[in-house]
Amino acid sequence: MNVNNIKQQPEEKPLLSVKNLNIEIQMDNAVLNAVDGVSFNIEKGKTLGLVGESGCGKSLTSRSIMSLNPKECETTGEILYNSTIDKKMNNVNIVDLDPTGKKVRSIRGKKISMIFQEPMTALSPLYTIGNQIMEAILLHRTKNKKEAKKIALEMLRKVGISDEEKRFDQYPHEFSGGMRQRVVIAMALSCNPELLIADEPTTALDVTIQAQVMELMKSLQYEFGMAILLVTHDLGVIAEMCDEVAVMYLGKVVEKASVREIFYNPKHPYTKGLIKSMPKLGSEKKRLEPIEGTVPLAINMRNKCGFYDRCSERIAGVCDVKAVPDTQLSADHSVRCFLYSEYGEEEKNA
């Protein structure tokens, strides 16, 4: 057989490609670069973790995928959703769509769903649990109310809520925090989305409920074959759930790699600092090593490393005056740091 005659299979595109995403917010005397040149891919059926401290742009990035950011956020770049939406539309750039238009509403909730950060406020106190789950089902799956209720009850069972017939007619205030989070997950999965965005899904939950919610998400991912974008500041959750990790700091992705690489071979000083600040069970008793300082405002940072003032490995005269390059260390590991550029090599050899 002549191998030259074998047709090459085209490389499958990722489900979602975010390319050079920028989100700017006009303030009184300056422009806040809340998200600055963020790029990453989410593969079908895989989980990407977006990790970093509060205020680094994780939630704005994830909400831009759903086109849910407020009007004050000026968004540019590309968010390419590589899937067929209907006969007239596929492989679209979500940034170009009208946030209130019919096209984006055919994606939002049906193809891409979101678990919002706070289960206590994600549900309306004025409507029953069943009514709120049925809303998306009636919009995207069926107009038949009996069928919609049947699907909603099935979703309540899938997320582990017993006595679902009774719970269906109850209001959010009659549920605990963990139960509300399960309801929010049921709402997000009611239309069998291809991508689930989970924004801090375990916030305000105790550790036992956190573990249950994580296990539930993994089992439902396996059942539905969906991809997950997991937004969190908890590296323990990242280690448990993710295939790949993007570490964000001050609106930029400073390191991207597989979850194993991030934990066993971190490169960026910020990533190393996050890992050192994690408590470890069974290790020698010693004080945690917090990252000194606080996250600055993302203003006038284009020609300076945003982590400069907090970094123990900074190079004076380089990190504080130049735009930081993105260095590809291997096929699946990149880092935005001068230590791995020509400047870093010169410093090592000096």
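For clarity, every value in this text was computed on a predicted model and none was experimentally measured.
Within a 6.0 Å radius of NZ in K304, other residues, nucleotides and ligands contribute more than 12 heavy atoms. Taking a 6.0 Å sphere around NZ of K272, one finds it holds more than 12 heavy atoms contributed by other residues, nucleotides or ligands.
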Is there a salt bridge (charged side-chain N to carboxylate O under 4.0 Å, His left out) between K252 and D326 once you walk through the steps? CA-CA 10 Å; K252 296 178 182 288; D326 196 17; over 6 Å; no
From CA spacing to verdict: side-chain contact (heavy atoms from CB on, under 4.5 Å), T61, V231: CA-CA 10 Å; T61 299; V231 181; over 6 Å; no
From CA spacing to verdict: side-chain contact (heavy atoms from CB on, under 4.5 Å), F40, M248: CA-CA 11 Å; F40 57 79; M248 283 191 73; over 6 Å; no
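Between M66 and M114, the closest heavy-atom pair is CE-CB, 3.9 Å. Nearest heavy atoms, D169 versus E165: OD2-O, 3.9 Å. In terms of heavy atoms, T75 sits closest to V95 at O-CG1, 3.8 Å.
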Which side-chain N or O atoms in residues 130-144 pair as donor and acceptor under 3.5 Å with protein atoms at least two apart or in another chain?
from	atom 1	to	atom 2	distance (Å)
Q132	OE1	S124	N	2.9
Q132	NE2	S124	O	2.9
Q132	NE2	Y127	O	2.9
H140	NE2	R108	O	3.3
R141	NH1	S190	O	2.7
T142	OG1	N144	N	3.1
T142	OG1	E147	OE1	3.2
K143	NZ	L138	O	3.3
N144	OD1	K146	N	2.9
N144	OD1	E147	N	3.0

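Within the structure, salt bridge (charged side-chain N to carboxylate O under 4.0 Å, His left out) contacts touching residues 226-251 (residues at least two apart or in different chains) are K218-E240. For residues 238-266, the set of pairs meeting the ring pair (Phe, Tyr, Trp, His ring centres under 6.0 Å) definition, not counting sequence neighbours, comprises Y249-Y270, Y249-F307.
Of the N and O atoms on the side chains of N93 and D96, at least one donor lies less than 3.5 Å from an acceptor on the other residue. The closest side-chain donor-acceptor pair between D332 and S258, if any, does not fall under 3.5 angstrom.
The cationic atom of R314 (NZ for Lys, CZ for Arg) lies less than 6.0 Å from the six-membered ring centre of Y308 and within 45° of the ring axis.
Checked options E53, K58, E200; the residue passing with H233 is E200 (criterion: side chain to side chain donor-acceptor pair (under 3.5 Å)).
No donor-acceptor pair closer than 3.5 Å links the side chain of Y81 to the backbone N or O of I112.
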